[in-house]
Amino acid sequence: MKTEPGVVGIDDVLAMPNQTVDWWGVRNYQARNFMRDQMKVGDKVLFYHSSCAEPGIAGLAEVAKLAYPDRMQFDPKSPYFDPKSTPGNPRWVNVDVRVTKKTRLIGLAELRSHPELERMRLLQRGNRLSITPVDPAEWEFITGSLLK
DNA sequence: GCCAACGTTGGC
DNA sequence: GCCAACGTTGGC
């Protein structure tokens, strides 16, 4: 799951109660559907920093709460406000994410250097999705080999 | 700031 | 439903 550290970085989440944050602001249907349809409490998450000086994996996390309406869509003052969304029929949802471990930063170049991660969705050319599935083998390689 | 690669919008 | 124009993402 990508986040911009200038907005909410891993240190910000670690400073929050229960090291947990609501993943507000996703406004892409595919990414929303991953949260809504796929993610369960306890699912493991790679916490990724994007649009910053050092893009890469910054930590490990897990899903702490099933998808529910994103609070920003109802706030007219928020850039994430959606006038077409109503509390009775919300368009956007988010899960809660709890950071379980801050790791060393694994940069993009390093990720790309490993053939084991060649097919990782995050690394595919043209990928702009802020939430992408991670293959169990990819998770194992990253947590088992790269972070040892 | 550039720009590739998308995704969304809206006229038809 | 098509598709051109426009907007966004995100690494560099």
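Computed from heavy atoms alone, side chains included, the values below leave out hydrogens, waters and symmetry copies.
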Go through the structure and list residues passing ring pair (Phe, Tyr, Trp, His ring centres under 6.0 Å) with Tyr29(A), not counting sequence neighbours.
->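 In terms of ring pair (Phe, Tyr, Trp, His ring centres under 6.0 Å), with neighbours along the sequence ignored, Tyr29(A) is linked to Trp92(A).
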Does CD in Glu54(A) sit with more than 12 non-hydrogen atoms of other residues, nucleotides or ligands closer than 6.0 Å?
->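 No, CD of Glu54(A) has 12 or fewer neighbouring heavy atoms, counting only those of other groups under 6.0 Å.
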Show each protein N/O and nucleotides 5-12 of chain C N/O combination with a separation under 3.5 Å, one pair to a line.
residue	atom	partner	partner atom	Å
dG7(C)	N2	Arg128(A)	NH1	3.4
dT8(C)	O2	Arg128(A)	NH1	2.3
dT9(C)	O3'	Arg128(A)	O	3.3
dG10(C)	OP1	Lys2(A)	NZ	2.7
dG10(C)	OP1	Arg128(A)	O	2.9
dG11(C)	OP1	Tyr48(A)	OH	2.9
dG11(C)	OP2	Ser51(A)	N	3.0

How about Tyr68(A) and Trp23(A): are their ring centroids closer than 6.0 Å?
->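 Between Trp23(A) and Tyr68(A), which both carry aromatic rings, the centre distance is not below 6.0 Å.
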Closest heavy-atom pair and its distance - Asn18(A), Thr20(A) |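 Shortest heavy-atom contact: O-OG1, 2.6 Å.
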Listed partners of Arg119(A) passing side chain to side chain donor-acceptor pair (under 3.5 Å), at least two apart =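 If we apply the side chain to side chain donor-acceptor pair (under 3.5 Å) test to Arg119(A), skipping adjacent residues, there are no hits.
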